[in-house]
*Asks:* 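Just passing along the structure, written as C-alpha cells.
In listed order, ligands and their atoms are each counted from 1. Atom set for the values below is all heavy atoms of this structure, side chains included, hydrogens, waters and symmetry mates excluded. Note that the coordinates shown come from a computational prediction; the quantities given were computed from them, not determined experimentally.
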Amino acid sequence: MTTKIIIWMIAGLLLGSLINTFADDVAFIQDYFVHGLFHVVGVIFINLLKMLVVPLVTFSLIGGVCGIGDVKKLGRVGIKAFCLFLFTTALAILLALLVSVTIDPGKNFKLIPGAQTEFVAPEPPAITQVLIDLVPSNPVAAFAEGDMLQIIFFTILFAICLLMLGERGRTLIDGAEKMNDVMMQMVNVVMSIAPYGVFALMAKNFALQGIDLILPMIGYFGIVILVLICHVTVTLMALLKFLGRVNPIQFLKKMRTAQIFAFSTSSSGATIPITLRTVEKRMGVDNSTASFVVPLGATINMDGTAIMQSVATVFIANIYGIELSLTDYLTIIGMLVLASIGTAGVPGAGLIMLAMVLNQVGLPVEGIALIMGVDRFLDMMRTAANITGDAVVAVIVARSEGNISMETFNDPDAGAVNPIELPHVKQ
Ligand code: ASP
C-alpha cells in the first residue's frame, strides 16, 4: 500500500510540475484539471480525513482513559508527554538557530523587483484567553468546530466520570470501544483510496507552485529543509533510541505512510486518524497512551513549524540588516516555543504565528511576505516532521509506562493496510 501511495505521489508531483512549466496558461488544463478534477478529488480526500478526526479522537480517548483506569497514571502520561513535547521543540529550535546563525541566510539578499512586500499581522490571542479557551462553555459547539483542546478536555473529564460510576458505566465503555473499532475500520477504508487523493493534492499543489519561486530563496529554503531532515533523522531518532530503547529504522519505515499523508495534506490535524492508526496498529502502542498523546501532539507539538520559524526569524533579521543580541535570541527561543504550541495543525498556520514572534522581538513583520511564496512546499515538509515528533513522543511515553507491544513494533508487517474486502450483506 505504501509503495502504491508513493508511486501516485511522485506521479502527481511530476504531472503538477509539468503543468506548471508547460501548461501554466492553457485555460483548458487549468479549468478542468488543476482547478477542476484535482481540486475536487483533493478537497474530498481531505474532507474524508477530517470527517474521521472528531469521532475517532472522542471514542478512542474514552477507551484510552478508561483503559488506564487510574487518574494518577493518566496525569503521569500527560506530564511526560507535555515535557517531551516541549523538550523536542526546544531542541528543534536550538538546532535551527545554530545552523542559521552559522550559515547566515539572507546576508546578501537582493529584493526581487515586484516581489510582494505587504503582510498584515493578525492580532495574537492573549495568554489568558488561551487558558480560558481550554474549557468549552458549550461542548456541542466544541465538537462542531473541531476544537481539539476543548474536545480533549471535555472527553477526558467525561471518561474519568464514567470510570467513577464503576460497574454502571461498563456498558458505555464497551460501547465506546466498539465505536472506536468502527472508526478505525473507516480509517482503513479511507486509506484504501488514499493513492488517488494524494495524487490529486500533489498534482494541484505543484501545478500552482512553480520551482522558479524557490530559486531566489534557495538559502532560506535549503536551511529549513536541511534542519528538518536532521531533526527527524538524527535528533528524534537519537531520543527514540536512548529514551525509548526501540529501533529507529523500524520506526521510520512504519512512519512513512503517515508522513506522506501529512506531506500531501499539510495538516497535522487532518492526519490524526493516520498517525493514531500507525502508532497503535503498526507500532503496538497501547490505545491508552496513543489516544491521548497523538491528538494532543497534533495540536500543540510542532517541531517542524518551530524550525521554519527559527530560520525565518534569522533570515528576516539579516535581510533588514538587524543585529540580534543574546537577549533577542533568548526571547526568540521562548516565543518560538509558545508559538509552536499555539500554532493550529492546519495548512499555513505556522506563518501566521511567526508574525507574533517577529512583533515580539521588534523585527519587521512585512518580512513574512518574502517567504510566503515558498511556504507551501515547506509547509508540506514541516507537517511531516511535526507528526513524526508526535509519534516519537507517543512511543517513548508508552515504552516508559510499559504500554507498548514490542512484538508488534518489531514485526514489519504488523497493521499493514490490506486492500479492503467488502463484506457480503446477507439479505
Ligand atoms: N501545517 C502545519 C501543521 O498542520 C502547521 C504549520 O506549520 O503551518 O502541522
*Asks:* Output all residues satisfying salt bridge (charged side-chain N to carboxylate O under 4.0 Å, His left out) with Arg76, sequence neighbours left out; order by chain, then residue number.
*Replies:* Glu401
*Asks:* Hey, does Gly269 come in under 3.5 Å of ligand 1, counting only N/O atoms on both sides?
*Replies:*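 No.
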*Asks:* Within ligand 1, which atoms have a heavy atom of Ser266 less than 4.0 Å away?
*Replies:*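 With Ser266 as reference, the close atoms of ligand 1 come out as 1 (N), 4 (O).
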*Asks:* Considering heavy atoms of the protein only, find what lies nearest to atom 8 (O) of ligand 1 and give residue, atom and distance to 0.1 Å.
*Replies:* Gly350 N, 2.7 Å
*Asks:* With heavy-atom distances below 4.0 Å as the criterion, list the atoms of ligand 1 near Met302.
*Replies:*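 What qualifies from ligand 1 is 9 (O).
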*Asks:* Which of the numbered atoms in ligand 1 are under 4.0 angstrom from any heavy atom belonging to Thr305?
*Replies:* 5 (C), 6 (C), 7 (O)
*Asks:* Going by the side-chain contact (heavy atoms from CB on, under 4.5 Å) test, name the single residue among Thr313, Val365, Asn359 that passes it with Leu354.
*Replies:* Thr313
*Asks:* Would you check whether Gly304 reaches within less than 4.0 Å of ligand 1, judged by its heavy atoms?
*Replies:*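 No heavy atom of Gly304 comes that close to ligand 1.
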*Asks:* What are the atoms of ligand 1, with element, lying closer than 4.0 Å to any heavy atom of Gly348?
*Replies:* 8 (O)
*Asks:* Is there a polar contact between ligand 1 and Leu351, counting only N or O atoms under 3.5 Å apart?
*Replies:* no
*Asks:* Starting from atom 1 (N) of ligand 1, which protein heavy atom do you reach first, and at what distance in Å?
*Replies:*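 Heavy-atom neighbour on the protein nearest atom 1 (N) of ligand 1: Asp379 OD1, 2.7 Å.
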*Asks:* Going by the order shown, which atoms of ligand 1 are within less than 4.0 Å of some heavy atom of Ala344?
*Replies:*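 The list of qualifying atoms is 5 (C).
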*Asks:* Tell me whether the rings of Tyr196 and Trp8 are parallel (<30°), tilted (30 to 60°) or perpendicular (>60°).
*Replies:*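 Answer is perpendicular, since the angle exceeds 60°.
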*Asks:* Under the side-chain contact (heavy atoms from CB on, under 4.5 Å) rule, what do Phe263 and Val198 come out as? Steps first, then yes or no, please.
*Replies:* CA-CA 9 Å; Phe263 184 77; Val198 168; over 6 Å; no
*Asks:* Report yes if some heavy atom in the side chain of Val41 is under 4.5 Å from a heavy atom in the side chain of Leu201; otherwise report no.
*Replies:* no
*Asks:* Under the criterion side-chain contact (heavy atoms from CB on, under 4.5 Å), which of Val285, Thr289, Ile396, Asp286 is the partner of Ile404?
*Replies:*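 Exactly one option meets the side-chain contact (heavy atoms from CB on, under 4.5 Å) with Ile404, and it is Val285.
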*Asks:* Could you label the plane-to-plane angle of the Phe143 and Phe154 rings as parallel, tilted or perpendicular, counting under 30° as parallel and over 60° as perpendicular?
*Replies:* perpendicular
*Asks:* Only heavy atoms of Thr383, strictly under 4.0 Å: list the atoms of ligand 1 that pass.
*Replies:*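 Answer, ordered by atom number: 1 (N), 2 (C), 3 (C), 4 (O), 9 (O).
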*Asks:* Output the list of atoms in ligand 1 that are nearer than 4.0 Å to some heavy atom of Ser267, sorted by atom number.
*Replies:*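 In order of number, 4 (O).
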*Asks:* What part of Ser268 sits under 4.0 Å from ligand 1 if we count only heavy atoms: the side chain, the backbone, both or neither?
*Replies:*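 It is both parts that get close, each with some atom under 4.0 Å.
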*Asks:* With a 6.0 Å cut-off on the ring centroids, do Phe377 and Phe221 count as close?
*Replies:* yes
*Asks:* So, does Ser400 use its side chain to make a donor-acceptor pair with the main chain of Val397 at under 3.5 Å?
*Replies:* yes
*Asks:* Which part of Met308 is near ligand 1, with near meaning a heavy atom under 4.0 Å away: side chain, backbone, both or neither?
*Replies:* neither
*Asks:* Hey, does Thr343 come in under 3.5 Å of ligand 1, counting only N/O atoms on both sides?
*Replies:*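 No; the residue has no nitrogen or oxygen that sits under 3.5 Å from a nitrogen or oxygen of the ligand.
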*Asks:* Where on Ala298 is there a heavy atom closer than 4.0 Å to ligand 1, on the side chain, on the backbone, on both, or on neither?
*Replies:*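 Answer for Ala298: neither.
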*Asks:* Under 4.0 Å, heavy-atom basis, I'd like to know which part of Val346 is in contact with ligand 1: side chain, backbone, both or neither.
*Replies:* backbone
*Asks:* Under a 4.0 Å threshold between the charged nitrogen and the carboxylate oxygen, would Asp375 count as salt-bridged to Arg382?
*Replies:* yes
*Asks:* Counting only N and O atoms by type, is there a donor-acceptor contact under 3.5 Å from the side chain of Asp303 to the main-chain atoms of Asn386?
*Replies:*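 No, Asp303 side chain to Asn386 backbone: no donor-acceptor pair under 3.5 Å.
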